[in-house]
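Below is one structure, written out as structure tokens; the observations come after it.
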Amino acid sequence: MTKSNIKPDYLGHRERLRQRFLLSEGRDMADYELLELVLTIALPRRDVKPLAKALISDFGSFAGVINANKEELCAIDGIKENTVTVLKIINAALQRTSWQNLQSQDGPIILNIDSLIDYCRTGMCYSDVEEFRLIYLDSKLHVIGQETMQKGTINSVAIHPREVIKAAMSNRASAIIMVHNHPSGNVQPSKSDVAMTERIDEACESIGIRLLDHLVVSNKDYYSFAQHCLLKSCS
């Protein structure tokens, strides 16, 4: 057998990894193993196990890797634009799946808090700045749309009640849920969060739109204004 016909050792390992994935759809695989399979799509002629382990070490988890920004990823030796594209496709697929799962719920959104939190975390929790998002609901409290209204700094985001009311009316929403993230990981609302929520709650009530909840989310926790009875709709 000529040297050119000798298959690299990593190909056998890659095939065994692929078979394991097919048996359990990845449920029994470590983060670096799942990432390794993903990387083979972008880097089919390279042993990517060391790169997968390096990425998990740097970003902490599979989710951390696919949510890292392009500049952070490209700073890793061996990562090029094609690899970043594959990772971002997976991230986009996860966000779209969580949104479509939320939209497909039969009952009122308040009965599906797990799906709601999953969507919010998937789309917002790895941002390095605060983002303010509105989720629009119909009269039966089914999801009809969503919009990112504002992006702020690492520890603040400002939104005026007038902007929220205008957006809700434009989308013909009977109710809304406000969501913003805390990059720090501490989901306890600030004084400005509470004051802003009170102003928007009053503005919504004045025109017959229900503020169903205001969620503050991080990748490990969330805070619900409704669950803490801090909204007019709770009384």
Side-chain angles (χ1 to χ4, degrees), residues 1-105 112-129 131 154 179 181-187 215 217-222:
M1 182 179 292
T2 63
K3 187 173 182 180
S4 61
N5 290 330
I6 298 175
K7 294 183 178 180
D9 291 339
Y10 66 80
L11 291 182
H13 164 71
R14 182 177 295 179
E15 180 57 28
R16 289 190 295 273
L17 204 59
R18 190 172 8 251
Q19 291 303 320
R20 276 184 56 205
F21 175 82
L22 292 174
L23 285 172
S24 66
E25 295 187 350
R27 285 185 292 271
D28 65 342
M29 300 178 78
D31 276 10
Y32 81 87
E33 292 176 313
L34 186 59
L35 183 58
E36 186 180 349
L37 277 179
V38 171
L39 292 174
T40 63
I41 299 171
L43 301 165
R45 298 183 180 181
R46 175 179 168 181
D47 179 6
V48 292
K49 183 176 181 179
L51 180 57
K53 286 190 170 183
L55 285 166
I56 297 297
S57 176
D58 282 358
F59 297 106
S61 65
F62 184 90
V65 173
I66 65 172
N67 280 280
N69 64 47
K70 179 180 177 180
E71 291 72 23
E72 290 175 323
L73 288 168
C74 287
I76 304 297
D77 186 36
I79 296 293
K80 304 297 182 183
E81 188 169 299
N82 187 51
T83 305
V84 174
T85 300
V86 170
L87 294 173
K88 292 307 174 184
I89 288 171
I90 292 173
N91 189 26
L94 286 172
Q95 291 193 38
R96 182 166 299 194
T97 298
S98 65
W99 172 245
Q100 291 178 350
N101 285 340
L102 190 63
Q103 285 185 303
S104 67
Q105 301 293 331
N112 299 286
I113 187 67
D114 289 341
S115 294
L116 175 59
I117 296 301
D118 179 63
Y119 163 69
C120 294
R121 284 180 172 156
T122 301
M124 302 174 70
C125 284
Y126 287 89
S127 174
D128 55 5
V129 297
E131 299 181 10
I154 192 170
V179 189
N181 61 310
H182 277 182
S184 68
N186 180 5
V187 296
L215 298 169
V217 296
S218 73
N219 60 351
K220 294 182 179 179
D221 204 359
Y222 75 94

Verify side-chain contact (heavy atoms from CB on, under 4.5 Å) between L215 and I117, making sure each step is shown before the conclusion. CA-CA 9 Å; L215 298 169; I117 296 301; 3.9 Å; yes

Could you give me the CA-CA distance, side-chain angles and deciding distance for L51 and L43, then say whether side-chain contact (heavy atoms from CB on, under 4.5 Å) is met? CA-CA 11 Å; L51 180 57; L43 301 165; 3.7 Å; yes

Please assess Y222 against L116 for the test side-chain contact (heavy atoms from CB on, under 4.5 Å), listing each intermediate value before the final yes or no. CA-CA 11 Å; Y222 75 94; L116 175 59; over 6 Å; no

Would L55 and L39 count as a side-chain contact (heavy atoms from CB on, under 4.5 Å) if you check the C-alpha gap in whole Å, the side-chain angles of each, and the deciding distance to 0.1 Å? CA-CA 11 Å; L55 285 166; L39 292 174; 4.1 Å; yes

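By the 6.0 Å contact criterion, CG on D77 is open, its count of non-hydrogen atoms from other residues, nucleotides or ligands being 12 or less. Environment of CD in Q19: crowded, with over 12 heavy atoms of neighbouring residues, nucleotides or ligands closer than 6.0 Å.
A pairwise comparison of heavy atoms in F62 and I56 identifies N-CD1, 3.6 Å as the closest pair. Between F21 and L34, the closest heavy-atom pair is CE1-CD1, 3.9 Å. A pairwise comparison of heavy atoms in M29 and L37 identifies CE-CD1, 3.8 Å as the closest pair. Nearest approach of V187 to D221, heavy atoms of both residues: CG1-O, 3.6 Å. When every heavy atom of S98 is checked against every heavy atom of D118, the shortest pair comes out as CB-OD2, 3.6 Å. Heavy atoms only, all atoms of each residue included: E131 and M124 are closest at O-CE, 3.3 Å.
In this structure, the separation between CG on D128 and CD on E72 is 7.0 Å, given to the nearest 0.5 Å. Atom OH of Y32 is separated from atom OG of S61 by 15.5 Å, given to the nearest 0.5 angstrom. Rounded to the nearest 0.5 Å, atoms CG (D58) and CG (L73) are 10.0 Å apart. Distance check, rounded to the nearest 0.5 Å: CD1 of I41 to CG of N82 gives 10.0 Å. Expressed to the nearest 0.5 Å, how far CZ of F59 lies from CG of L35 amounts to 10.5 Å. Taking OG1 from T83 and CG from L87, the interatomic distance works out to 7.0 Å, rounded to the nearest 0.5 Å.
With E33 as the fixed residue, the side chain to side chain donor-acceptor pair (under 3.5 Å) test singles out one of K53, R20, K49: R20.
N67 places no side-chain N or O within 3.5 Å of a backbone atom of S127 that could act as its donor or acceptor partner. Of the possible polar contacts, none joining the N219 side chain to the C125 backbone as a donor-acceptor pair under 3.5 Å is found. Between the Q105 side chain and the N101 main chain, a donor and an acceptor come within less than 3.5 Å of each other. A donor-acceptor distance shorter than 3.5 angstrom exists from the side chain of R14 to the backbone of P44, with no hydrogens or angles considered. The backbone N or O of C74 lies less than 3.5 Å from no partner atom in the side chain of K80, so there is not a single donor-acceptor pair.
Looking at L102 and N112, their side chains never come closer than 4.5 Å, going by heavy atoms from C-beta outward.
Side chains of W99 and Q95: a donor-acceptor N/O pair is absent below 3.5 angstrom, by distance only.
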